[in-house]
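From a predicted model like this one, the values you see are computed outputs, not experimental measurements. To find a chain, count down the sequence lines: A is the first, B the second, and so on, and within it residues start at 1.
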Number of protein chains: 2
Amino acid sequence: MTTVRGARARARIEITAAIKDEARTQLAAEGAAKLSLRAVARELGMVSSALYRYFPSRDDLLTALIVDAYDSVGAAAEQAAAAAEQERPLDRWTAVCRAVRAWAVAHPHEYALIYGSPVPGYTAPQDTIVPASRVGLVLIDIARRAHTGEGVALPPLPDDLRPEAVRISADIAPDLPPALAVALVAAWSQLFGLVSFEVFGQFHRVVEDRDTFFATAARRLGQDVGLLPRG
Amino acid sequence: MTTVRGARARARIEITAAIKDEARTQLAAEGAAKLSLRAVARELGMVSSALYRYFPSRDDLLTALIVDAYDSVGAAAEQAAAAAEQERPLDRWTAVCRAVRAWAVAHPHEYALIYGSPVPGYTAPQDTIVPASRVGLVLIDIARRAHTGEGVALPPLPDDLRPEAVRISADIAPDLPPALAVALVAAWSQLFGLVSFEVFGQFHRVVEDRDTFFATAARRLGQDVGLLPRG
DNA sequence: TCACAAGCAAGAGCGGTGCTCTCGTTTCAT
DNA sequence: ATGAAACGAGAGCACCGCTCTTGCTTGTGA
């Protein structure tokens, strides 16, 4: 069995969670740059060296927070998709986009952790790869159901992009046409361009009514992947 | 006259430049997080406290680097636009996009400084606002010349977005129709979504032939702001 | 059951950081 | 020429990530 063996193991789980919680609090308050292991330990009433029993280094703590953040935004996207189950593909698409944006606005520092400049080294740890794909999978699924349902309308693929489009399609969604796969990847990154500019303040004194602006932009993004505007 | 008054003022300019150069070197080598004032001073053969005569704090040094980076990518965009002077608007658009991407790939850490997570506090210093708009101005100018020339083709503006579109248009380009202004802002942010995902590694094991992928995506972005594909 | 290994908290300490303050010295303007 | 401003050097403060050692506690296998 994989049940908790005893008080020791249970305590370890609880303390690990408490460390991550406190770290998230400091992250939200001051940002990733000022997140300090010593301050976390201090706040938890333990000495800093004790914290290294749970996370081998500061970067490992950050990696754990990154994984959690990916899972959190991924769950938000999945939940939005499920809630819009009965709606038309384009409406489900925008619902998911808005959920991602809402999560980002609510957790700006966690968003910065996963979609801002890579903070630790330069290569993402292996643990983060799967959680990082959850939002993308939701978007792919919406497109897939539109494709097998009422169909999608896409412009033709340029000749020089066809080999790469075939490769991308094989990698992320072998059942979808290459033109759709490549449009999805582009829309995926452009969605986070919209969100990043809002969260990182590039829209300051440019866009005011960001809700409405984003809703329209997200809808056009959905049309760019071929989702049809109306019956 | 504003000429240099003496050896002292000349030395100050040179030392300030040397500090920024060395800081940029360390930035390119290790990233913004590991940029250390002491290390910069050490490398320049001066003591760390002397460096504070030139930059009041580490954040001020970073701000100076941010301004320079904005100017650098802005100059690259303007240069690309000038080089494509005679081409059709859509081709000039993609030329500018490719120049921005090329700059970002060549200077990933400087790119991260300006389009990644805000590193110092949360509000951008006043000095950065004007340089930050240079790329945007280039894109606006391309659209303006297309608009007053062969025209642009844009989908209708949703009713609920019209007030905000009018506001944006008045802010950034009063001579352009609101629908065009709002499309420009969206495309602007989406362009940096594409670039950020590539520079920050989100395309790892997803997109391989990034040159071709980006070229097509940038071209479609140009069409999204109404630039016409062919005569 | 009990000894032993593993897990754990605590403390001291190392090298590094941003930043401040003081103290002579050099440069410039009056 | 003299006084003010700018400057470089050094010491020092508080904090950081991280390591090592020292005892104590917990769980386990003989």
For this session: Could you provide the dot-bracket string of DNA chain D, using ( ) for intrastrand pairs, [ ] for crossing pairs and | for bases paired to another strand, with Watson-Crick or G-U pairs below 3.5 Å?
Result: ||||||||||||||||||||||||||||||
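Regarding Lys34(B), its NZ atom lies at a distance of 14 Å from the C1' atom of dC16(D), rounded to whole Å. Counting to the nearest Å, the P atom of dT26(D) and the CZ atom of Arg10(A) are 15 Å from each other. One atom, CG of Asp60(B), and another, C1' of dC19(C), lie 12 Å apart when rounded to the nearest Å.
Among the protein residues, Ser57(A) comes within range of the sugar-phosphate backbone only, with heavy atoms under 4.0 Å from sugar or phosphate atoms but none that close to a base. Within the 4.0 angstrom heavy-atom criterion, base atoms lie near Ser49(A). Across all strands shown, Leu35(B) has heavy atoms under 4.0 Å from sugar-phosphate atoms exclusively, and none from any base.
The residue among Leu51(A) and Pro56(B) whose nearest nucleotide of DNA chain C lies closer to the 5′ end is Leu51(A). Nearest-nucleotide assignment on DNA chain D puts the 5′-proximal partner with Ala50(B), out of Ala50(B) and Tyr52(A).
Checked against ring-ring contact (aromatic ring centres under 6.0 Å, His included), Tyr111(A) has the following partners two or more places apart in sequence or in another chain: Tyr115(A), Phe200(A). For Ser49(A), the side-chain contact (heavy atoms from CB on, under 4.5 Å) criterion is met by Val47(A), not counting sequence neighbours. Partners of Arg210(B) under the salt bridge (charged side-chain N to carboxylate O under 4.0 Å, His left out) rule, at least two apart in sequence or in another chain, do not exist in this structure. Partners of Gln126(A) according to the side-chain contact (heavy atoms from CB on, under 4.5 Å) rule, which considers only residues two or more places apart in sequence or in another chain, are Ile129(A). With sequence neighbours excluded, the residues forming a side-chain hydrogen bond (donor to acceptor under 3.5 Å, both in side chains) with Glu164(B) are Arg167(B), listed by chain and number. In this structure, the side-chain contact (heavy atoms from CB on, under 4.5 Å) partners of Glu78(A), at least two apart in sequence or on a different chain, are Arg134(A), Val138(A). Here Arg144(B) pairs with Ile140(B), Asp141(B), Ala173(B), Asp175(B), Leu176(B) under the side-chain contact (heavy atoms from CB on, under 4.5 Å) rule; sequence neighbours left out.
Looking at residues 37-47 of chain B, you'll see Leu37(B), Arg38(B), Arg42(B) sit with a heavy atom under 4.0 Å from some atom of DNA chain C.
A donor-acceptor distance shorter than 3.5 angstrom exists from the side chain of Ser189(B) to the backbone of Ala186(B), with no hydrogens or angles considered.
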Using a cutoff of under 3.5 Å, can you pull out all pairs of nitrogen or oxygen atoms linking the protein to nucleotides 3-7 of chain D, with atom names and distances?
residue, atom, partner, partner atom, Å
dC7(D), OP1, Arg12(B), NE, 3.1
dC7(D), OP2, Arg12(B), NE, 3.4
dC7(D), OP2, Arg12(B), NH2, 3.2
dC7(D), O4', Arg8(B), NH2, 3.3

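Contacts classified as side-chain hydrogen bond (donor to acceptor under 3.5 Å, both in side chains) and involving residues 35-46 of chain B (residues at least two apart or in different chains) are not found. Evaluation of the ring-ring contact (aromatic ring centres under 6.0 Å, His included) test over residues 14-63 of chain B, restricted to residues two or more places apart or in two chains, returns none.
If you check the side chains of Thr63(A) and Asp60(A), you find no donor sitting under 3.5 Å from an acceptor.
A sub-4.0 Å separation between OP1 or OP2 of dC15(D) and a side-chain N or O of Ser36(A) is absent.
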